[in-house]
Structures are given as C-alpha cells and as structure tokens.
Amino acid sequence: MKAGTIIYQVALNVPLRRLFDYLPPENETPLLARGTRVLVPFGRQTLVGIIFGHSEKSAFSHDQLKAIRQVCDPAPLFPESLCTFIEKTAAYYHHPLGEVAFSGTPSLLREGKPCPSLPDDIAISTQASDIALNEQQQFALQAIHDAQHSFQPFLLEGVTGSGKTEIYLRAAQIASQKNQQILILVPEISLTPQTQQRFIERFGQAVICYHSRMTPKERFIAWLKVKEGHAVIVIGTRSSIFLPFTQLGLIVVDEEHDSSFKQQEGFRYSARDMAVLRAKLLSCPVVLGSATPAFETLYNAQSGKYQHLTLPLRATKVQLPTMTHLDVRHKKLEGGLSAQLIQRIEQHLKNEGQVLLFINRRGFAPTYLCYSCNWMAQCPRCDARLTYHQRKAALICHHCTYQSSVNQQCPDCQSEDLHPVGQGTEQLEAVLTKRFPEIAIARIDSDATRKKGSLEELLHKAHHKEVPLLIGTQMLAKGHHFPHLSLVAIVDADGGLFSVDFRAVERMAQLLIQVAGRAGRVHQAGEVVIQTCFPDHPLLKQIRSQNYPELAQSLLTERSHCQLPPFAHLALIRAHAMTPQLPEQLLAQIQQSLVHLKIEGVQILGPVPAPMHRRQGHYRYQLLIQAKERKPLHQVLSYSTSILEKSKLAKRVRWSLDVDPLEMF
DNA sequence: AGCACGCCGACT
DNA sequence: GTCGGCGTGCTC
Ligand SMILES: [Zn+2]
Ligand SMILES: [Zn+2]
C-alpha cells in the first residue's frame, strides 16, 4: 500500500455487518469528513453511502479498491454526534451499521437526491404561559432545569390531566432560550394537528413535525431544518430519534410505555431506549412521561437510574372515575353486551352523556363456525381463524392478505348451519344501531379509518360530542381525550388475563387505566364498567382500585421471581421459511454452537416454533436468549451473527434479531 | 439486499 | 433448443 493514500470507510444500505473501503474520488479533494454522503460503485450497481471513517490502510490491496464516484453534498450531511449515535445503536442491536444509518432518513436522501434549498430561518417566538404551575409541577420542572447539560433520565409519572404537557412546554422553553433544540417523541397515533398546534401557539414557526405520513419532499425539508437548526422544537414519531440534531438539549418521550416506540420489523429498535442512549451521549436530560409507565422504566426509577417525578393531582379539577365490573357468567348476552350494560348505556345517553365502548377486535366476529360439525373458517396460509366481516361480506385473515367469500355451506359436512361466533366492533355497531336507532354512532377502528383524514374527522366529531356513542379498538384508547365522555365500557376484559405472553397483563393494565382516564368530565365523575367472567381475578381487583403503582409493584414482584424482564434481559433470534425444516435446523445449529461456547450467565431456550407457527405461508421458529447481565447477552449475539453471516443454510432462511423483544410473535 | 452465474427440468 | 426456477457466491 502506497503511503499517504487515504482510504474511506463507507456505510451502505445493505444487510452486511461491515463498512466498505474506497479510494478518494478521481478529482482530488480535501479530506472528506465523517458524515459525508457519497455515491460509490458496488458490484454492478451504484449506491449511496455515508463516510464513517478513514484510514491509511485496508485489508484489501490497492487494485481491489474502487474509488468514490461522487461526493453528493458540499458539507457532511450527518453531524458527528449522529454518527456516533448510529454506531452505538448498531452495536446495541447487532444490526448492520449501514441499515441503521439510513433507517430514519428521508427516502430522497437515501436515493442520493440533492438537498432542496430551505426557506429563510424564522426566529423562535416564544409566547409566555399564563398557566400557574402547582407545587409538584414546579418541583418537576426545577429538577429537569437543574439537570440541563448533564445526563439525567427522568420518569415523569402523572395521570391524564395532571399537567405533564405543560411541563414539557416549560422545559422546552428553558432549553430553547439556551439555543438548544428539543425533541418530543410521541406515539404514532397522537401526532395530530392539534398536538402540533399546541406547540406552535407557544413557540411559533420553529416547531416542526416529523412522521411517516409526510410526503418525501416534506420529510427531506424537515430533516434539513433539524440539521441547520431552523427547527428548534421537533415533535415526531419513532424514527425522529435518528434526526440530525446539532444542538439537542432535551428529549421528551411522551406516553413512553406505548408499544409504537418499538419498531416491529426489520431493524427492531426502541426509540424510547435509544432516546436514553442519545441523551447519555450528549449529556442532556431525557424525560419519560406516562400515567402508566412501562415496568422497565419503573424498575429503572426504583433502582435510582432514573429520577422519579410524580404529579399526583389532576391539575384540572376532574374527579377520578368510578370503576365497577359486571359479572357476565351465565348471563344472556346480546352481541356480547349484557342487559345491565345496555341499561347503563341507555341511562348515560338519557342524561346527555357520551359513551365509549372499547373492544379490541375489529370486524363482526373473530370466528365463523359450523354448528353441526364444529368446522371453523381457517386461513390457508396462517395458523389463524378468519374474521367474519359483515359489511365486506368476506372472511378475512388479520395476519396476512388472504380473503375469501363467506361460505354458505360447510365444506366438511355440507350443513348450512354456519354462524359468526364472538364479537367485534362491527357487531357492536350493528347491535347498538338496532337498540338505539335515534343515536348517532361512530365506529373507530382501522377499517373505518382507512382513508386519509377520516380518523381526524371521526375524532373531531367525537371530541365535540356530535356522536354520543363511540365504539373503538386500541386506536381510541390511546389517541385522544374526549371532554364529554361519561361512560367507558370494556366489553371483554378476559383476553389479557390468561395469555401466554408474560407482558399481556402489563399491557392490559396500562390499557384499562388509560381508557379509564378518558372518562370523566369537568363537573361530573365518569364511570367505567368492565364486563368479565372472572370478577374475582386479583388483577381486575387491582385495576378497579386504579392504583397503578401498587398494581405494577405486585406484578414486578412476580417478574422477579421468574427472572423475567426487567430483572433479566432477553433477545430473540427469529427464523422463517416456506418449509419448517430449514429454520428449525438453522436455529438448532446456532443453539448447538452456543452450548459448546459455554458462556457464563446465559440461558439458551429453543429452538421452538413461534406462538403462531405458520404465518403468510412461512413456518416460524425462534431461539430465546436470556441473561441476567447485558455483557454475556452481547457475546452470544455477536457470536450468533458471525455464524449466521457465514452459514449457507442462513441464505435460504429469513432470519432476524430482536434485542429486548416486546412481543414473542 | 441485489445481481449474476450455472445447472437442470419442462415446455413451444 | 431455450426459458425460468433455485442454489450459490460476491459486493470494498
Ligand atoms: Zn360442518
Ligand atoms: Zn393469513
């Protein structure tokens, strides 16, 4: 190797866990800095890459190396702090660096398009707030203020209406006065124009949003505004954690328990966990806010890693709702609704109240059954039942794209005695329309809100009480606060009680408490009713007391006995293919080699079939790795990826890693 | 991943 | 004969 020649190490958007060495471009240029976007020849194609380093030497000889074809921008696109963050993230998740580097970027940037020019920078114009903070809010704000310029995570625990948002606004104001940027991460569902408006009212045009529903051009401009510092306050969903901040001084993760912060395919990162990492690298505070914190977060607060701030009061004077259950054992149900529940609904409607029925299942019925031989409509590509959709007159799989017409005759016994069994949102809508023909009803699920703008429209109507009766799934439980809501009914609470997934109970408790938080108006306490066949179940008893900290504490104790997260760390190696043999063999090979390694402090469990063995025609398996400490877990993952990258079998199997998995599916 | 190459069975 | 599916190998 000729002395003095510089070799650039370039990250490319390919699933390979290494950087690629390139010679400088033909036309002599000064040293290209880390973060520079370049075009490089790669095999027969030309790819966009980011320079992550340079060196005097390479493992490749000079004539094996190709030269950078083109430098895309006059200055580096990725700030140094973003480059280091990307490196740490890639290492944490054992994911290819190049894919991590491009994961949050606008598509136009990824395709090598030139940067559009930005409109003139508008100075931030802060509108002072006239809202007086209560004592707890003042204490919390002071604590965050005192932590500026140092790494300090906070858990800000407070129910709906306790004034968390006002603290975010004030803390953001303080940071912005120091010329710092502020990132506010929110769940996918709650990034509405109203959310944005609330911040714009306070901070003017220096507020921008970043989410997947923006056009490619809008995303590129927003990305560059963040890099140039024109964006002071950024409200964004998951991928915003990878924005190119240069002056980031505060990160807020609102509703930090929300599962949409974890990407569920491809590069499976948690934006909440990476927010803590990014704050650490930058030495700035990070605030995790929730009424129902994730158990991981509570654990970190209790162990002293995070500072625990509590807002015990509802800042606006709304009373806690009353919470009762309806024992529906041996009761005749009409479309899943007991007579008592229908009576409560009627009562509230009569009193000019607003009612929300919560059921976590869309469609008409989850099962389509033959009464004479027990045949059930099954998806031919998945181990799942088909859902009966009345309006579309179809049987639809909720796990793949399979659809079929509704059988009029049983394929097994030719009987015509076929019936939908169980309830979904569509059925509740039908039953209630029949029962309350005069009342306007809105069904809010992903079927009813498929086209753009329809969710906003429905939420707006619901908010202003144009619709007295609401039926909804998860969607409705999270998004929005309805000021006129007086009754919330959980139609079926029993699904979460007996799940194989150890997190199901946590999720259900969070959901029920969040839903309950929606009930109650300014002058009148709300009512929450839970239909169940297990009224004596200890979890339901605790939920009824609405004491989340206490409930979480007892569930955490159970987790500690079983050495489950947050008392141990998990990782999953998933594999799937058209035949069951390949993925099982592959994982068995890895398991074998790991056993021989004899790494202390880890358990390797499996390979086992995934809870839904077959999905979209693929047979799925997983290998679970469990460890008390992170270090051995990392060793296992490093070793596993090195095998997988070399293995021939792995080429014929789709495999992926999931560090800190949320769902075992 | 994306692309090319080579091999083998099965169709106009 | 040649079209196309899959298995294999490689990308600085
Ligand atoms: Zn039958
Ligand atoms: Zn299916």
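Naming: A, B, ... by sequence-line order, numbering from 1 per chain. Keep in mind it's a predicted model, so treat the numbers as computed, not measured.
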Round to a whole Å and report the spacing from NZ of A:Lys646 to P of C:dT8.
18 Å
Going by an N to O cut-off under 4.0 Å, is there a salt bridge joining A:Arg34 and A:Glu87?
yes
A:Arg652 side chain: which of C:dT8, C:dT11, C:dC12 is closest?
C:dT8
Would you classify A:Arg18 as touching base, sugar-phosphate or nothing, given that sugar-phosphate means primed atoms plus P, OP1 and OP2, and contacts are heavy atoms under 4.0 Å?
base
Minimum side-chain heavy-atom gap A:Leu47-A:Leu39 below 4.5 Å
no
Contact class for A:Phe42 (heavy atom, under 4.0 Å): base, sugar-phosphate, or nothing?
base
Out of B:dC5, B:dA1, C:dT11, which has the shortest distance to the side chain of A:Lys651?
B:dA1
Just compare B:dA1, B:dG2, C:dT8 and give me whichever is closest to any side-chain atom of A:Gln45.
B:dG2
Salt bridge present between A:Asp658 and A:Arg574 (N-O < 4.0 angstrom):
yes
A:His54 NE2 - C:dC12 C1' separation (whole Å):
17 Å
Between atom NZ in A:Lys66 and atom C1' in C:dC10, what is the gap in whole Å?
10 Å
Among C:dT11, C:dG9, B:dC3, which nucleotide has an atom closest to any side-chain atom of A:Arg44?
B:dC3
What nucleic acid atoms does A:Leu12 come within less than 4.0 Å of, heavy atoms only: base, sugar-phosphate, or nothing?
nothing
How many Å lie between CG on A:Leu23 and P on C:dC12, as a whole number?
11 Å
Please give, in whole Å, the distance from B:dA1 P to A:Leu97 CG?
17 Å
Applying ring pair (Phe, Tyr, Trp, His ring centres under 6.0 Å), run through A:Phe242 and A:Tyr269 and close with a yes or a no.
CA-CA 11 Å; A:Phe242 291 108; A:Tyr269 66 97; 5.1 Å; yes
Rounded to whole Å, please give me the gap between CZ in A:Arg17 and C1' in B:dA1.
13 Å
Please determine if A:Glu99 and A:Arg110 form a salt bridge, counting it only when a charged side-chain N lies under 4.0 Å from a carboxylate O.
no
In whole angstrom, what separates A:Lys648's NZ from C:dC10's C1'?
14 Å
Tell me the interatomic distance from A:Phe20, atom CZ, to B:dG2, atom P, rounded to whole angstroms.
14 Å
